[in-house]
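Throughout, numbering of the chain's residues begins at 1 and tracks the sequence. Both backbone and side-chain heavy atoms feed into the values below; hydrogens, waters and symmetry mates do not.
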Amino acid sequence: MLNEELIYLDMPYSTQNELFEEMSKKFLELGYVNEEYLDALKKREEEFPTGIKTQVAGLAIPHVDSKYIKKAGIAVVRLKKPILFQEMCTNNDVDVNLVFMLLVKDKSKQVTTLSALMGCFSNEEALKQLMTGSKAEIIEELEKILEENE
């Protein structure tokens with residue numbers, strides 16, 4: 001699920017819409033999603049915001065139903081400057097620096113993957129590594145997190 005083609009560092013996106021459109025194009029080109037993915041992503045984020053505020057950074061975990069996914073993966077997008085998301089549960093504004101875009105093909109694994117990532121968000125050291133690390137270091141850290149929470 002983790003590989004360097006899905007790690008994007010210091011991306012210059014300035015809005016959530018720009019992020020979703022550009023990443024959707026990349027995922028489509030790489031064969032991870034189908035044509036309806038972008039619309040589904042925007043609609044789901046509007047209905048169920050995924051922003052999370054932590055001590056280290058603002059995070060978001062946008063995802064869609066597995067019927068829009070062709071190939072499983074977890075994309076990590078580290079932003080050059082924070083972009084605005086709505087916070088999960090409260091709908092308050094959150095400046096997001098790090099986005100985890102879940103591409104879960106097997107519907108039964110979506111909750112497990114989400115839970116594993118949510119567990120890491122309280123680990124300040126892991127988040128600092130994700131905020132500053134190279135592609136290889138990010139993959140290594142995420143693999144550790146996912147293994148620990150399986």
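- At most 12 non-hydrogen atoms from other residues, nucleotides or ligands lie less than 6.0 angstrom from CD of E140.
- In this structure, D95 contributes its side chain and K81 its backbone to no donor-acceptor pair below 3.5 Å.
- The two residues N91 and P49 make their nearest non-hydrogen contact at OD1-CG, 3.1 Å.
- Side-chain atoms of R78 do not come within 3.5 Å of backbone N or O of V99 as any donor-acceptor pair.
- Heavy atoms only, all atoms of each residue included: Y32 and A72 are closest at CE2-O, 3.4 Å.
- Taking a 6.0 Å sphere around CD of E47, one finds it holds more than 12 heavy atoms contributed by other residues, nucleotides or ligands.
- Here the shortest heavy-atom pairing between E143 and L2 reads CG-CD1, 3.5 Å.
- Between V94 and Q86, every side-chain heavy-atom pair lies at or beyond the 4.5 Å cut-off.
- Counting heavy atoms from C-beta on, the side chains of P62 and T50 come closer than 4.5 Å.
- Looking at F85 and I61, their side chains never come closer than 4.5 Å, going by heavy atoms from C-beta outward.
- Looking only at distances, no side-chain donor or acceptor of K53 sits under 3.5 Å from a matching main-chain atom of N92.
- Judged purely by distance below 3.5 Å, without hydrogens or angles, the side chains of S24 and E21 never pair a donor atom with an acceptor atom.
- Checked by atom type and distance alone, the side chain of N97 never pairs as donor or acceptor with a backbone atom of A57 at under 3.5 Å.
- Using modelled atom types and a 3.5 Å distance limit, the side chains of K67 and N34 yield no donor-acceptor pair.
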Please evaluate residues E141 and K144 with respect to the criterion salt bridge (Lys or Arg N to Asp or Glu O under 4.0 Å), reporting the C-alpha separation (whole Å), side-chain torsions for both, the decisive distance (0.1 Å), and the verdict. CA-CA 5 Å; E141 190 65 41; K144 221 177 359 177; 3.5 Å; yes

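- Taking the side chain as every heavy atom from C-beta outward, F27 and I69 never approach each other to under 4.5 Å.
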